[in-house]
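First comes the structure, then the notes that go with it.
Each chain gets a letter, A, B and so on, in the order the sequences are listed, and its residues count up from 1.
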Amino acid sequence: MSLEQLLQRNDVWRGRGRPIESSGGLPTGFAALDAELSGQAWPRGALVEIMAETSGIGELSLLLPSLARLSATADRRWLAWIDPPYIPYAPALAAAGVDLSRVLCVRGRDRDESLWALEQALRTGTCAAVLAWPGQLDSAQSRRLQLAAEAGDGYGFMFLPAAAAANASIAALRLSLQALAPGVRGRRLAVQLLKRRGGWPTGPLELELEESGDDTAVASSPSAGRA
Amino acid sequence: MASRLWLAVHLPSLPLQVYGRSAAETFALAVSERQAGRERIAICNAPAAAAGILSGMPVATAQAILPSLQLRARNPAVESRSLARLAGWCGQFSSFVAIRPDGLVLEVGASLRLFKGLDALVLRLQEGLSSLGFAVNMAVAPTPAAASALARNGGGRVHEREALPAAVADLPLACLDLDGSVAEALKRIGIRNCEALLRLPHEGLARRFGAGLPVYLERLLGHCADPLAPYVAPERFAAQLPLPAETDSHEALLFPLRRLLLELCGFLRARERGVSALEVQLFHLREAATRINLNLVAASAEPEYLLGLLRERIEGLGLAAPVVEVGISVLRFQPLAPATGDLFGETATAEPAHRLPERLQARIGTQAVASLGVQADHRPESAWCARPPGKASALPHESASSRPAWLLPRPQPLTVAEGRPCYHGRLELVQGPERIESGWWDGADVQRDYYVAAGPAGNRFWVYREPAGQWFLHGVFA
């Protein structure tokens, strides 16, 4: 068996080589990020953990292109938001291309109900994508959610507090986000891939988030007591 | 035209089963009625009969023999309501159902091909009725009167009209539709069974017992027509089941609810409808009834799925008092969309997508699960609304300047340092101002200058300034 044949086999893991190709996935919409992911797409049937240093740096804008792409398909399954920290603002989502009638916003009355709803959304295969803010998860809950994601074969995105980056996790992909100085077209993010399939941790990648709207600077400096 | 074939369903212990079918038969139950001036046992169930209770026994004697006997008074109104609901349920097997005093008659000749034969139809009917909690005798004959008479006798099948006289020959007079006085008089002159009755000349019968008797005999044998009035079910469904004993266990409630759901789904199948909103009532002895509303995204007619949703809802419910009766009424029917497959479907989902919000709402509450919609209002807090899951908002989106992905439920006041607003550090105003002035017509008028502000950690916020100079945080550009 020659080296070429050996390398063609699927069960050989190459530490720093190109990730294994696979067909039919959901690209992230950012070429730099796609290039580093196995299959050039988000992992399917698995959890993606996104840990942002603070909120408001563009962690949701990272996903909006993917949600818009899912909205454009004929797939009638839900885009579930489980326990978002604030109100998902419908005009902004619609402007990004997300189909509002497929958005399902779920708020449990307590943490147990939210976790139950999250597991149901992942497991039943009725959601094309699930976005969740579950707070700190212990390993048992994490494992349970991962099994649910495998059963449902959808895309699951968990937004965790920044402190969770230090813990080990069984998610298939873990991203840590930090804000960079804004670029020409909008905000920029530094993305560290703490864990990914088919490769060592890598980063930081620099991604530019495209912002819509006018770029006029502040028209006049506001002073207190203006009429 | 297919020849008409009638199937009669006889419920010999209907007075008992209207009470007894709400729980499994583990305890002794008897129904009493006034006979010969005293309260006597009319019917009792198997555990009671095993303990020695007999029909016709005075009530006091029965209670002395078995102190734990559950006793109910016979209620003809409840019985006829049960029969009417059962007739509605049988509509899924036949297009013509008529109600008799102690059972039903269905015309099945036209349904034989759909159900692939008489045996299959009878089997399905038997299974359905026993899952509803009724023990029945069934018989099939070319005329409804003969079918009813055979069913009262325990069963039998006759397919040809010519075979009828032989089939009904041995029937005792009690199985026929005769008045009590007529039956007594016939017994006195020595007529014991149907064969003897059929041999009597019709003119003599008419003179002695009235013209009704010969006409009935003609209808029995199929020599003349037997017009029946079909049962037409009303366009609503409301059913109740009294419980044998008051209970506050959630599991015990699911048993009668399951039977009611089976009745409902039979009724729905007969009319090719589904239910999209129903109300479950739990009646207490003294307090007002507990009402549970179940709303579905898409119409359903599946009893097991509805029972699953009800179970989620009831398990989280605290009962104010023990329950004595359960009821279901349908608030909204909808035509049932047949399930179609997807020709190019890549993903084979295990269950239809609309079930997820239904299940979540059953456990967490209806208001906890919603879709989003856009409204035509410049005020950001009114520019969005919560919609029922799956319903699109009718307004097309008009692209405005950049809007944040997160909106705060209530604008948060910000402190000001050196003329700039502060939120975990001084904010830098990056874009703006955008003046939003609106809402004079409903009293919630706003006059705000919106800015996009950058925080020291690199995050972006949507802040606004009121004319008085106060700064607020309204959104986060996530």
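Heavy atoms closer than 4.5 Å to chain B are found in both the backbone and the side chain of A:A121. Proximity to chain A is absent for every atom of B:P388, based on heavy atoms less than 4.5 angstrom apart. Both the backbone and the side chain of B:R363 come within less than 4.5 Å of a heavy atom in chain A. Both the backbone and the side chain of A:L104 come within contact range of chain B, with heavy atoms under 4.5 Å apart.
A distance of 7.5 Å separates CD1 in A:I57 from CG in B:N459, rounded to the nearest 0.5 Å. Atom OH of residue A:Y89 and atom CH2 of residue B:W462 lie 5.0 Å apart, to the nearest 0.5 angstrom. Annotation: the span from A:R107 atom CZ to B:I364 atom CD1 amounts to 11.5 Å, rounded to 0.5 Å. Rounded to the nearest 0.5 angstrom, A:L100 CG and B:L372 CG are separated by 6.0 Å. The line from CD of A:Q120 to CZ of B:R355 is 13.0 Å long, rounded to the nearest 0.5 Å. Going from atom CG of A:L93 over to atom CZ of B:R403 covers 13.5 Å, rounded to the nearest 0.5 Å.
For the residue pair A:Y86 and B:L407, the shortest heavy atom distance occurs at CB-O, 3.5 Å. Heavy atoms only, all atoms of each residue included: B:V374 and A:A94 are closest at CG2-CB, 4.4 Å. Closest of all the heavy-atom pairs between A:A92 and B:P404 is CB-O, 3.1 Å. The minimum heavy-atom distance between B:A478 and A:S61, with the atom names listed, is O-OG, 2.6 Å. A pairwise comparison of heavy atoms in A:G56 and B:V476 identifies CA-CG1, 3.4 Å as the closest pair.
Shown here is B:R313, whose CZ atom has more than 12 heavy atoms of other residues, nucleotides or ligands within 6.0 Å. In A:R111, the CZ atom is crowded: over 12 heavy atoms of neighbouring residues, nucleotides or ligands sit closer than 6.0 Å. The environment of CH2 in B:W440 is sparse: at most 12 heavy-atom neighbours from other residues, nucleotides or ligands sit within 6.0 Å. Within 6.0 Å of the CD atom in B:Q470, the count of heavy atoms belonging to other residues, nucleotides or ligands exceeds 12.
Between the side chain of A:S101 and the backbone N or O of B:G390, no donor-acceptor pair lies under 3.5 Å. Using modelled atom types, one side-chain atom of A:W78 and one backbone atom of B:A353 make a donor-acceptor pair closer than 3.5 Å. Side-chain atoms of A:T126 never come within 3.5 Å of backbone atoms of B:L356 as a donor-acceptor pair (strictly under, hydrogens ignored).
When the candidates A:P85, A:A181, A:G108, A:P182 are compared by the number of heavy-atom contacts under 4.5 Å with chain B, A:P85 comes out ahead. Counting heavy-atom pairs closer than 4.5 Å to chain B, the top-ranked of the candidates A:G152, A:A179, A:C105 is A:C105.
With sequence neighbours excluded, the residues that form a salt bridge (Lys or Arg N to Asp or Glu O under 4.0 Å) with A:E206 are A:R188.
Between A:W81 and B:W406, the ring-plane angle classifies as perpendicular under the 30° and 60° cut-offs.
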